[in-house]
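Read through the structure below, which is laid out as structure tokens, and then see the notes.
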Amino acid sequence: MRRGSAVRWRRGRAGRWRRAACAALVAGAVVVPLSGAAQPRIPAPPPARLPAPTAATLEATYAAHRANAAEASRRAAAHGDRHRAAADRALAGPGRRLLAFDGRGAGLATEVLGDLAHAGRVAVLVPGSDTGLDTYGRFRAAALALHRQLAARAPAGTGTAVVAWLGYETPGTVSTSVATTGRAEAAAPKLRALVADLRRITAPGTGVALLCHSYGSVVCARAAEGLDVDDIALLGSPGTGTGTAAGLRTGARIWAARGGGDWVEHVPHLSAGLFGTTVGFGTDPVSPDFGARVFDAGDGGHSDYFDPGSRSLTNLVRIALGETSEVTHD
């Protein structure tokens with residue numbers, strides 16, 4: 001086969017693969033799942049109704065949500081779901097700082113690590129798919145690792161806090177919703193409300209960084225326009241639904257990283273409008289075309305960005321502390 005013909009053949013095969021992948025993505029996104037309707041609902045009380053939190057009311061806010069989590073644990077236990085009962089009971093434990101809690105369905109929780117009212121630097125973790133109260137332990141482990149390293153590296157006199165924001169119903173990794181922007185569109189106003197709460201609680205000038213993992217990067221992109229944060233980091237992102245970092249319309253610094261072993265590298269970066277929703281998320285955030293500040297995430301996989309001692313966690317800490325010149329790049 002001549003060289004020109006071989007190149008055309010490879011390009012044609014790549015084009016056919018992309019079209020097939022896009023077709024599969026579109027088909028999967030419009031199939032109506034039948035299994036979800038049959039899932040049992042775990043009984044739980046409605047969330048505590050409280051005024052918007054301030055620095056002065058934080059402790060009362062935490063206590064009210066702990067009490068709600070304790071009641072949710074009792075109801076889950078009575079329902080026979082010991083796993084959920086244990087998860088709720090852990091969140092209700094003494095000293096847990098819950099800025100929000102809802103034990104219904106897959107469950108929602110916003111937990112603070114550190115002294116939020118006196119923090120000079122705050123990092124908000126936004127999770128991706130398959131995150132709920134039943135899997136909250138692994139999400140909190142990432143927040144704990146981040147908080148430990150933030151506190152250890154922060155300059156003397158600079159307080160730090162991490163907010164683990166499970167504030168939206170995340171899609172399942174194997175589901176129709178994970179390929180569309182629908183969940184992110186619904187989550188974006190809630191993330192903007194959280195940032196408004198943080199600005200009300202913290203002192204003027206407090207640095208706030210959003211660290212957005214996987215599908216969480218789609219959520220952050222949908223919330224980004226005009227958002228009062230300093231940095232937005234997209235980790236293991238399938239795309240944002242926006243072609244460029246400039247398209248996010250934010251004054252925040254936009255960062256992106258992908259570990260060398262992250263399977264998201266193989267997700268087709270396609271986007272198509274279909275029946276009032278968007279299927280796929282477009283431009284790869286670590287590509288030059290997107291225009292983010294791409295930083296070194298090491299060789300880890302999709303779930304390894306917050307591993308203690310990793311290059312990705314070290315760089316995320318630098319971003320959260322505003323040490324932008326110290327961030328290392330590929």
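Computed from a predicted model, the values in this text were never measured in an experiment. Any value given below was found using the heavy atoms of this structure, including those in side chains, with hydrogens, waters and symmetry copies removed.
Other residues, nucleotides and ligands contribute more than 12 heavy atoms inside 6.0 Å of the CZ atom of Arg200.
Counted by atom type alone, His329 and Asp296 present zero donor-acceptor pairs between their side chains at under 3.5 Å.
Distance check: Ser303 OG to Phe139 CZ gives 13.0 Å after rounding to the nearest 0.5 Å. Rounding to the nearest 0.5 Å gives a distance of 5.5 Å between OG1 of Thr61 and CG of Leu50. Rounded to the nearest 0.5 Å, atoms CD (Glu185) and OH (Tyr168) are 13.0 Å apart. With rounding to the nearest 0.5 angstrom, the CZ atom of Phe306 is 14.0 Å from the NE2 atom of His147. Distance check, rounded to the nearest 0.5 Å: CZ of Arg222 to CZ of Arg183 gives 15.0 Å.
Between the side chain of Thr242 and the main chain of Thr244, no donor-acceptor pair closer than 3.5 Å is present. Panel note: side chain Asn315, backbone Thr328; a donor-acceptor pair is recorded below 3.5 Å. Looking at Ser217, its side chain never comes within 3.5 Å of a backbone N or O of Ser237 through a donor-acceptor pair. Counting only distance, with no hydrogens or angles, the side chain of Asn68 and the backbone of Pro46 share a donor-acceptor pair below 3.5 Å. In this structure a side-chain-to-backbone donor-acceptor pair under 3.5 Å is present from Asp304 to Gly301. Judged by distance alone, with hydrogens and angles left aside, the side-chain atoms of Thr206 form a donor-acceptor pair with the main-chain N or O of Ala119 at under 3.5 Å. When atom types are taken as modelled, the side chain of Thr57 and the backbone of Ala60 share no donor-acceptor pair closer than 3.5 angstrom. Between the side chain of Tyr215 and the backbone N or O of Ala184, at least one donor-acceptor pair lies under 3.5 Å. Between the side chain of Thr283 and the backbone N or O of Gly243, at least one donor-acceptor pair lies under 3.5 Å.
Shortest non-hydrogen contact noted between Ala256 and Ala292 is CB-CB, 3.9 Å. Counting all heavy atoms, side chain and backbone alike, Val219 lies closest to Ala187 at CG1-CB, 3.7 Å. The minimum heavy-atom distance linking Asp134 with Arg84 is given by the pair OD1-NE, 3.0 Å. Taking each heavy atom of Arg121 and Ala320 in turn, the nearest pair found is CD-O, 3.1 Å. The two residues Ala297 and Tyr305 have their closest heavy-atom pair at CB-CE2, 3.9 Å. Taking every heavy atom of both residues into account, Cys212 and Gly216 meet most closely at CB-O, 3.6 Å.
The closest side-chain heavy-atom distance from Thr250 to Glu225 is not below 4.5 Å. Side-chain contact between Phe290 and Ile254: present, with at least one pair of heavy atoms (C-beta onward) separated by less than 4.5 Å. The side-chain heavy atoms of Leu234 and Val286, taken from C-beta on, include no pair separated by under 4.5 Å. For the pair Val163 and Val122, the minimum side-chain heavy-atom distance is below 4.5 Å. Counting heavy atoms from C-beta outward, Ile319 and Thr324 have side chains that stay 4.5 Å or more apart. Residues Asp231 and Trp255 are in side-chain contact: their nearest non-hydrogen atoms beyond the backbone lie under 4.5 Å apart. No side-chain heavy atom of Leu113 sits under 4.5 Å from any side-chain heavy atom of Arg97. Residues Thr110 and Leu194 meet the side-chain proximity criterion, which asks for heavy atoms closer than 4.5 Å.
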Item to complete: May I have the step-by-step check of salt bridge (Lys or Arg N to Asp or Glu O under 4.0 Å) for Asp230 and Arg199, ending in yes or no?
Response: CA-CA 12 Å; Asp230 301 274; Arg199 289 304 185 191; 3.6 Å; yes
Discussion item. Between Glu111 and Arg96, is the salt bridge (Lys or Arg N to Asp or Glu O under 4.0 Å) condition met? List the steps.
Written reply: CA-CA 7 Å; Glu111 184 173 9; Arg96 299 295 283 267; 2.5 Å; yes
Practice prompt. With salt bridge (Lys or Arg N to Asp or Glu O under 4.0 Å) as the test, would you mind laying out the steps for Asp88 and Arg74 before giving the verdict?
Written response: CA-CA 9 Å; Asp88 292 342; Arg74 288 189 286 271; over 6 Å; no
Practice prompt. Given side-chain contact (heavy atoms from CB on, under 4.5 Å), test Trp165 with Lys190 step by step and report yes or no.
Written response: CA-CA 10 Å; Trp165 184 71; Lys190 300 174 183 178; 3.8 Å; yes
Worksheet item: Where do His118 and Asp115 land on the side chain to side chain donor-acceptor pair (under 3.5 Å) test, with the steps shown first?
Response: CA-CA 6 Å; His118 298 100; Asp115 184 354; 2.9 Å; yes
Practice prompt. Please report the C-alpha distance between His302 and Arg258 in whole Å, then the side-chain angles of each, then the deciding distance to 0.1 Å, and finally whether the side-chain contact (heavy atoms from CB on, under 4.5 Å) criterion is met.
Written response: CA-CA 8 Å; His302 192 63; Arg258 184 169 61 224; over 6 Å; no
Fill in: Arg318 vs Glu326, salt bridge (Lys or Arg N to Asp or Glu O under 4.0 Å): CA-CA, chis, key distance, verdict
CA-CA 7 Å; Arg318 290 166 176 159; Glu326 301 297 314; 5.3 Å; no
Practice prompt. Could you walk me through whether Leu313 and Leu146 pass the side-chain contact (heavy atoms from CB on, under 4.5 Å) test, one step at a time?
Written response: CA-CA 7 Å; Leu313 180 58; Leu146 175 64; 3.9 Å; yes
Practice prompt. Start with the C-alpha distance between Arg41 and Arg104, add both sets of side-chain angles, then the distance that settles side-chain contact (heavy atoms from CB on, under 4.5 Å), and finish with yes or no.
Written response: CA-CA 8 Å; Arg41 308 295 287 183; Arg104 299 172 299 179; 5.7 Å; no
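Both Leu125 and Leu133 are assigned to one and the same hydrophobic cluster, defined by single-linkage of ILVMFWY side chains at heavy-atom distances under 4.5 Å. Residues Leu210 and Val317 do not share a hydrophobic cluster, clusters being chains of Ile/Leu/Val/Met/Phe/Trp/Tyr side chains in contact below 4.5 Å. When the side chains of ILVMFWY residues are joined at heavy-atom separations under 4.5 Å, either directly or via intervening members, Val208 and Val126 end up in a single hydrophobic cluster. Both Val124 and Ile201 are part of a single hydrophobic cluster, where members link through side-chain heavy atoms under 4.5 Å apart. Taken together through direct or relayed side-chain contacts under 4.5 Å among Ile, Leu, Val, Met, Phe, Trp and Tyr, Leu144 and Leu116 form parts of separate hydrophobic clusters.
Of the residues Leu211, Leu166, Thr135, the one that meets the side-chain contact (heavy atoms from CB on, under 4.5 Å) test with Pro127 is Leu166.
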